[in-house]
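Letters A, B, ... mirror the listed sequences (proteins, then strands); counts begin at 1.
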Amino acid sequence: MRVACMDLLCAARRSIARVEPSAGQGPEKEHAVSLELDVNGQRVAVDVDPTTPLLWVLREALHLTGTKYGCGAAQCGACTVHLDGQAVRSCVYPVAAAAGKRVTTIEGLASDAKNPLVEAWIEVDVPQCGYCQSGQIMSASVLLAETSKPTDAQIDACMGGNVCRCATYVRIRQAIHRAAELGARREVR
Amino acid sequence: MSATRLQRRDFLRVSLAAGGGLLIGFRSPASAASSTPAALRPDVFAPNAWVRISTAGAVTVMINKAEMGQGVSTALAMVLAEELDADWKTVGFEFAPAAPEYGDPVYHLQMVGGSTSVKHMYEPLRAAGAMARALLVKAAAAQWGVGEGECSTENGAVVHAASERRANYGDLASAAAQLEAPADVKLKDPAKFKRIGVSTRRLDTPDKSRGVAKFAIDIELPGMLTALVAHPPTFGGRAKSISDAAALAVPGVVKVVDVGSGVAVIAKNFWAAKRGREALKIEWDLGANAALSSERLRAEYRQLSRTPGLVARLDGDGEEALSAGARVLEADFELPYLAHAPMEPLACVVDLRADSMDIWAGSQFQTVDQGAAAAVAGLAPERVRLHTTFLGGGFGRRANPVADYIVEGVQIARHAGAPVKLIWTRDDDMRGGYYRPMWHSRIRGALDSKGELVAWAHTIVGQSFIAGTAFEPFIIKDGIDGTSVEGAVDLPYAIPNVQVELHTTKVGVPTLWWRSVGHSHTAFVVEHFFDELARAAKQDPYEHRRRLLAAHPRQLAVLERAASAAGWGQPLPEGRARGIALHASFSSIVAQVVEASLEGGEVRVHRVVCAVDCGRIVNPDTVVAQLEGAVGFGITSALYSEISLRDGRVEQSNFHDYKMLRMHQMPKVEVHLIASDQPPTGIGEPGVPPVAPALCNALLALTGKPIHRLPIRVEDLGTKGA
């Protein structure tokens, strides 16, 4: 997997050096295609097996490890990212299908230091082990974009695809309500 | 600081207890495995292995325990910061390297288990903080030419009130670093605590809410390869022949190698490794366990439970007392193998070089993992630097006496020729063994003519995961594995005749401790059967417990708090019922009242009220969070969890057939903390055991039908309410 960076600030630039040592380990057998992606507002090009799930391109080629592998089968939601503002399970989403779409990961969402969800998550002290929380926040973010003040039933309906083995659900719910408040306050400002 | 004076010999006792005399020298030993270079820098005050204070005033507490969500990195930092009188805003933490000075003071291993982190580290970390504080005071007093006794500390500074002078710890760090350690230190009067006992936001939450906390699976090294392993379909199987041409033809696959535990595919990235693994053709020698079947084991265990086992407890008469009862109830309880299923599947990164090795792992068992890795690589343990990352869940799975996935990672690294990341897929994790054992309990209880509970006989059948490990001499006494019978032998109720027997089976399924260990099965059996007996005696289950707990005031107080907070005895909406359960584990006591109903053929849990006595509480909000999480964890296993075997193969593979509780099924949870000045005890596990029995007791009250097999099968409860 080779990566070329099209943006000066792109974290992927560092990866060129990182990937190089493995290039010397035998004849180059990759039949990769070149894809251009829009990730967190930055355009990046990757040479990659087009069937690779988006998750692994984000994590390995672009070093955006905030998006997690949990099941590889769209069962747990740990890998949730946004494609054009919609939540998708990146562990089963072929990278080729993401070309031409805006990809947002937890790193992109949290780059806004005042993101109401991140603030609420910290205020309520939601995480335990923390592994699923990127996916939880990405799912909740879609909910809040569509429903500024969700009810418990709307939270149930939207968050059902995200598993938390530590069962922090009580606080996830609380933090979504809190983020809705913070978000409303922010709009007023 | 009204002081409990700690004499030098007492301090040394604490120091020695802290694992290998780490505080005695009052300097971090510069062992090869130590990754605390800051400790050797002149601008950092590092009075002992546990704390560093930079000249900029940053306080770093070294955490020797794994952070797997239980909040230990914050709680341990709070304990040290309390005695240091640190400004909490300046306090951070760092995970300690695997090294002898960071061993657990009781277990003499660096590990997390048995809900003991705060319990075991409380005194040593208080002493470490107090010692650092004493040196800072000494440095300030010398600078000012005043007596140490005239100085006090507050919020990260030494204060001389008489002259209105004040010096921040950072400004004193260099001077303090030059001083001899004190002969003794004073610990605070707990009445003066400012941090311990105050709900404090977790230090790891911001990183975990922004996607930047690093788990083992997130570690990247230059030139790193990724490996997946094709494991045999049966436990103990081996590859007989491997056809790897198709796998090697997958672009990105670098190597295929038999590493004993399976066939590793080493590739440039995950997807190549996965496609390569799918392309492997392996003929397996299925080994001795190819015929294993859960159904057959159930029948064998049931039969064994009818024969005399080793006696783990005997009060009064056993069998004879039962036959003297006016009425005897009897039940067989069956509990399945359970997978830990942490959200982060097992993973580690190994960088093996000729004379040393670095490993990154979410290890609950640093000393064991380090030693096992060293043995495989042919290195001395001190040549292995084990870096503990955050754990994407542990629940016991990442503390394996045989260090399975670490050994596998090192075996692969021997062939990889580059740093390598081993990833277990979810399927690997689900089918990879090391489960909570399958258990059978045969239990009988006798009531006399007045309905009093006069005899109790409990026979337990299941595997020991301690037998054959280095822990055997400490945990297995007279053939009885304490972890098999815990929660059953310590039955607190006043019953004149109590007998507990154990049959330890040998089955080729690898088993391991699973959050709350033996209590995860005994609490269900004991507390649910208790309600069956109470019903038979026409007693209220809460009142019946109260009467039989007169000799246990702490248990009684917890039970009463939960019942009163839950409104025990007050009316509920139609179709709902309450169940109560009480269980002591890991030196803590938890009672829960569950409100449940049956709706549309499904069990609905509406509300769970918890009361807990875990001694002195360091971070109350963490205790609340652990109880909330334990409720969800306990409901998951009661409603869904079962690992079953057919033809030696595990039938489940992912979250579609090993289901997890989800948002809409999570009940409201209320937690009531009992104030205590007793030493702190466990909180990571004790919330789990009462959940299943309290829930099943609610369903028993609702349907009149007891539940003798987990997970709950709604069809066994009949149609009422469905």
Side-chain angles (χ1 to χ4, degrees), chain A residues 1 17-22 25-26 29-32 49 51-53 56 59-61 63-73 75-76 78 105-107 110 118 121-122 125-134 137 155-157 159-160 162-173, chain B residues 68-71 201-202 204-206 208-215 217-218 220 222-226 249 251-252 254 268-272 341-345 390-395 417-418 423 425-426 621 625 628-633 636 654-656 660-664 666 668-669:
Chain A
M1 205 183 280
R18 290 184 185 188
V19 171
E20 256 170 2
S22 62
Q25 286 177 353
K29 295 178 294 188
E30 295 180 20
H31 304 293
D49 172 348
T51 67
T52 306
W56 297 102
R59 287 180 55 82
E60 296 179 335
H63 309 288
L64 297 168
T65 55
T67 306
K68 302 302 186 196
Y69 167 76
C71 69
Q75 292 286 324
C76 78
T105 69
I106 183 69
E107 289 89 348
V118 175
W121 243 248
I122 293 169
D125 237 349
V126 173
Q128 290 188 23
C129 92
Y131 193 76
C132 73
Q133 298 296 345
S134 300
I137 290 172
I155 291 173
D156 284 346
M159 301 301 292
N162 289 78
V163 169
C164 177
R165 182 59 161 148
C166 305
T168 60
Y169 300 117
V170 169
R171 288 175 191 235
I172 292 172
R173 184 186 302 283
Chain B
M68 47 191 179
Q70 79 283 42
R201 280 192 197 157
R202 293 173 58 135
D204 54 348
T205 290
K208 287 177 173 177
S209 305
R210 293 188 176 112
V212 296
K214 290 288 181 207
F215 299 84
I217 203 169
D218 300 330
E220 299 175 297
M224 185 181 77
L225 300 171
T226 297
V254 173
K268 291 182 185 172
N269 56 61
F270 175 89
W271 195 242
M343 291 308 295
E344 179 196 21
F390 282 111
L391 284 66
F395 315 119
I423 299 177
T425 62
R426 176 58 55 196
D621 194 49
E628 291 167 353
V631 164
F633 196 89
T636 297
N654 207 317
F655 293 129
H656 67 286
M660 295 287 135
L661 194 80
R662 290 173 188 265
M663 176 65 87
H664 71 279
M666 185 71 192
K668 290 190 167 55
V669 182

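The closest side-chain heavy-atom distance from Y69(A) to P345(B) is below 4.5 Å. No side-chain heavy atom of K668(B) sits less than 4.5 Å from a side-chain heavy atom of V170(A). You'll find the side chain of R210(B) stays beyond 4.5 Å of the side chain of I106(A), heavy atoms only. Between R662(B) and V163(A), the closest side-chain pair of non-hydrogen atoms falls below 4.5 Å. T205(B) has its side chain out of reach of V126(A): every pair of non-hydrogen atoms, C-beta onward, lies at least 4.5 Å apart. Between K208(B) and W121(A), every side-chain heavy-atom pair lies at or beyond the 4.5 Å cut-off.
Heavy atoms of M660(B) lying under 4.5 Å from chain A belong exclusively to its side chain. Using a 4.5 Å cut-off between heavy atoms, T67(A) does not touch chain B at all. With a 4.5 angstrom heavy-atom cutoff, I137(A) touches chain B only via side-chain atoms. Of the two parts of F270(B), the backbone and the side chain both hold a non-hydrogen atom closer than 4.5 Å to a non-hydrogen atom of chain A. Heavy atoms of A213(B) lying under 4.5 Å from chain A belong exclusively to its backbone.
Here the shortest heavy-atom pairing between G392(B) and C129(A) reads C-SG, 3.4 Å. For the residue pair A625(B) and Q128(A), the shortest heavy atom distance occurs at O-NE2, 2.9 Å. What you find for I217(B) and R59(A) is that their closest heavy atoms are O-NH2, 2.8 Å. The two residues F655(B) and G70(A) have their closest heavy-atom pair at CE1-O, 4.1 Å. Between N654(B) and A73(A), the shortest heavy-atom contact is ND2-CB, 3.8 Å. Nearest heavy atoms, R173(A) versus M663(B): NH2-O, 3.5 Å.
Note: K68(A) leads E107(A), K68(A), Q133(A) in heavy-atom pairs under 4.5 Å with chain B. Options D621(B), T636(B), V212(B), V669(B) differ in how many heavy-atom pairs under 4.5 Å they form with chain A, and the most are formed by D621(B). When A272(B), P342(B), A341(B) are compared by the number of non-hydrogen pairs under 4.5 Å with chain A, A341(B) comes out ahead. Note on S134(A), C164(A), C166(A): by heavy-atom pairs under 4.5 Å with chain B, the leading option is C166(A).
Both tests pass for R165(A) against the ring of F395(B): distance under 6.0 Å to the centre and angle within 45° of the axis.
Between R171(A) and E628(B) there is a salt bridge, since at least one side-chain N of the basic residue sits less than 4.0 Å from a carboxylate O of the acidic one.
To the nearest 0.5 Å, atom SG of residue C132(A) and atom CE of residue M343(B) are 6.0 Å apart. Taking OG1 of T168(A) as the reference point, atom CE of M666(B) lies at 8.5 Å (rounded to 0.5 Å). For the atom pair OH (Y131(A)) and CG (D218(B)), the distance works out to 6.5 Å, reported to the nearest 0.5 Å.
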Start with the C-alpha distance between W56(A) and N269(B), add both sets of side-chain angles, then the distance that settles side chain to side chain contact (heavy atoms under 4.5 Å, CB included), and finish with yes or no. CA-CA 8 Å; W56(A) 297 102; N269(B) 56 61; over 6 Å; no
Let's go through I155(A) and H664(B) carefully: what are the C-alpha distance in whole Å and the side-chain angles of both, what is the deciding distance for side chain to side chain contact (heavy atoms under 4.5 Å, CB included) to 0.1 Å, and is it a yes or a no? CA-CA 8 Å; I155(A) 291 173; H664(B) 71 279; over 6 Å; no
